[in-house]
Enquirer: 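Here it is, the structure, as structure tokens.
Just so we're on the same page: letters track the sequence lines, and every chain starts at 1.
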Amino acid sequence: MHNALDDIAIINLVLQGQHTAYAVLITRYQQYVYTLAMRHVNNRELAEELSQDVFLKAYRFLADYKGTGKFSTWLYTIVHTTCLSHLRKNNDTAILLTEDQILSLPNQQSADPIDRMEQQTQKQLVEIAIKQLPKIDAQIITLFYLAEQSVEEIGIILGLTASNVKVRLYRARQKLKEIMEQKCMHELSEGYKLTTDNH
Amino acid sequence: MKADMENIEDLELHLWDYIDGRCNAAEQERIAQLLMTNELWRSKYAEFMAFNTSMHDNMAIDQPSMRFAKNIMDSVTSTTIAPAAKNYINFKIIKGIAAFFFIAIAGLCIVAFSGSSMHSTYTGYTNNKSSMNLNLSLLASPAIMNLMIIIGILLGLLLTDNLLRSRDKHVVR
């Protein structure tokens, strides 16, 4: 019933006492919130726990949302602060894969390297490349391409200046391109080596 | 070589601004012209557009468990929405505390500098030494110290009272 309403209208309904309308906001943003939490903690159970915490915090402090910016930007700011405070409390550090680990990541189960190369979808390649980025850059890329936030909005979410976000986005794009090209070249050379060995 | 790298980086940054729609009208027109006439700009543009399309099409979104929304809604029923912060934060008190500290610091400076002696000595070709002795003993007098302590205690009591009152209000709500 509330699905067609925009975020502000739903928030007003919730604030007026129709708390069931909040389910629409959860359904609308759960995947984005969960994906962003995954970029922080890289653990499904923990990301889900943190995402639930984010939605509960957002509900509790819904009256503080001023409506000047997008609700999604406000919500993703809560994701960022919740995940950061969790990581600080648990003294977690970023788990980055080394270049060799990235190159040796398992692909689909086919034995034939050419089949394997064909099976390896572009989606996997993008995911692998994003995992290789520093956490903050992975978040910027996710917020920009997936959550469709502007450079200024990303700055608000991550507490950075817009120019800083712009430069980081540029570097992250460069790095992603490099990793994806490197991974493709590695697969090609491995495939070529194995086919010439078979002959 | 380094200059070439910087040029390329500059080109790429401008091109990304153009693609992301972050250019002003004049810049947009200039880049559009370059894309029509310059092969390097054209090839970079094609490369970046392909990258953008690939990112938009291939970024995977993670799915939480099926019970995710239900779990939150279960918790939401037992949660009350807190009143907006602007309703319970008394900005007059914050401004009052800020004013007190500002006046206290200004007062301290005035007292300290009024009791100081400042003189300049010319000792040679270029050496111009000045020394300033602050008479801090004026501030360390028992009367001023007692006054500071009393004001500090009063402010502390006011703050505690305000905190307890706001907490009581939330409990009642």
Enquirer: For A/Leu56 and B/Ser75, work out which heavy atoms get closest and say how close.
Expert: CD2-CB, 3.5 Å
Enquirer: At a heavy-atom distance under 4.5 Å, which candidate from B/Asn71, B/Thr77, B/Asp20 has the highest pair count against chain A?
Expert: B/Asp20
Enquirer: Side-chain heavy atoms nearer than 4.5 Å, only ILVMFWY residues, links allowed to pass through others: does that put A/Met38 and A/Leu75 together?
Expert: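 No, because A/Met38 and A/Leu75 fall into different hydrophobic clusters, even though each may have its own neighbours under 4.5 Å.
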Enquirer: For A/Ala63 and B/Pro83, work out which heavy atoms get closest and say how close.
Expert: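 Closest pair (atom of A/Ala63, atom of B/Pro83, distance): CB-C, 4.2 Å.
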Enquirer: Go through the structure and list residues passing side-chain hydrogen bond (donor to acceptor under 3.5 Å, both in side chains) with A/Glu152, not counting sequence neighbours.
Expert: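 side-chain hydrogen bond (donor to acceptor under 3.5 Å, both in side chains) list for A/Glu152, sorted by chain: B/Arg22.
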Enquirer: What's the spacing between B/Leu13 CG and A/Lys166 NZ if we round to 0.5 Å?
Expert: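 One finds 6.0 Å between CG of B/Leu13 and NZ of A/Lys166.
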Enquirer: Can you say whether A/Arg173 sits under 4.5 Å from chain B via the side chain, the backbone, both, or neither, judging by heavy atoms?
Expert: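 Interface part for A/Arg173: both.
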Enquirer: Taking CZ in B/Phe101 as the centre, count heavy atoms belonging to other residues, nucleotides or ligands within less than 6.0 Å. Is the count above 12?
Expert: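 Open.
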Enquirer: Between B/Met73 and A/Ile26, which heavy-atom pair has the shortest distance, and what is it?
Expert: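 Shortest heavy-atom contact: SD-CD1, 3.6 Å.
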Enquirer: For chain B, which of A/Val167, A/Leu62, A/Leu169, A/Val151 has the most heavy-atom pairs under 4.5 Å?
Expert: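 Winner by heavy-atom pair count: A/Val151.
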Enquirer: Before you tell me yes or no, could you show the steps for B/Ile81 and A/Val14 under side chain to side chain contact (heavy atoms under 4.5 Å, CB included), namely the whole-Å CA-CA distance, both residues' side-chain angles and the distance that decides it to 0.1 Å?
Expert: CA-CA 9 Å; B/Ile81 299 174; A/Val14 177; 3.9 Å; yes
Enquirer: Given that the side chain runs from C-beta out, which part of A/Ser150 has a heavy atom under 4.5 Å from chain B: side chain, backbone, both or neither?
Expert: neither
Enquirer: Can you name the side-chain hydrogen bond (donor to acceptor under 3.5 Å, both in side chains) partners of A/Gln139, sequence neighbours left out?
Expert: A/His40
Enquirer: What residues of residues 43-68 of chain B make heavy-atom contacts with chain A at a cutoff under 4.5 angstrom?
Expert: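 Those residues of residues 43-68 of chain B which have a heavy atom under 4.5 Å from chain A are B/Glu47, B/Phe48, B/Phe51, B/Asn52, B/Ser54, B/Met55, B/His56, B/Asp57, B/Asn58, B/Met59, B/Ala60, B/Ile61, B/Asp62, B/Gln63, B/Pro64, B/Ser65, B/Phe68.
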Enquirer: Kindly compute the distance separating OG1 (B/Thr79) from CZ (A/Phe55), expressed to the nearest 0.5 Å.
Expert: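 So the OG1 of B/Thr79 and the CZ of A/Phe55 are separated by 14.0 Å.
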Enquirer: If hydrophobic clusters are built by linking Ile, Leu, Val, Met, Phe, Trp and Tyr wherever their side-chain heavy atoms come under 4.5 Å apart, do B/Leu147 and B/Leu158 end up in the same one?
Expert: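 Shared cluster, no.
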Enquirer: If two hydrophobic side chains count as joined below 4.5 Å and joins carry through other members, does A/Leu176 share a cluster with A/Ile136?
Expert: yes
Enquirer: State yes or no: do A/Leu146 and A/Met180 share one hydrophobic cluster built from I, L, V, M, F, W and Y residues joined by side-chain heavy-atom distances below 4.5 Å, directly or via other members?
Expert: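 Same cluster.
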Enquirer: My understanding is that only residues two or more places apart in sequence, or in another chain, count here; which of them pass ring-ring contact (aromatic ring centres under 6.0 Å, His included) with A/Tyr32?
Expert: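 With sequence neighbours excluded, A/Tyr32 shows a ring-ring contact (aromatic ring centres under 6.0 Å, His included) to no residue whatsoever.
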Enquirer: Who among A/Val33, A/Ile141, A/Asp53 has the most heavy-atom pairs with chain B under 4.5 Å?
Expert: A/Ile141
Enquirer: Is B/Ile72 linked to A/Tyr34 within one hydrophobic cluster, defined over Ile, Leu, Val, Met, Phe, Trp and Tyr using a side-chain heavy-atom separation of less than 4.5 Å?
Expert: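 No, no single cluster joins them.
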Enquirer: What residue in A/Gln174, A/Glu127, A/Arg60 has the most heavy-atom pairs under 4.5 Å with chain B?
Expert: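 Among A/Gln174, A/Glu127, A/Arg60, the one with the most close pairs to chain B is A/Arg60.
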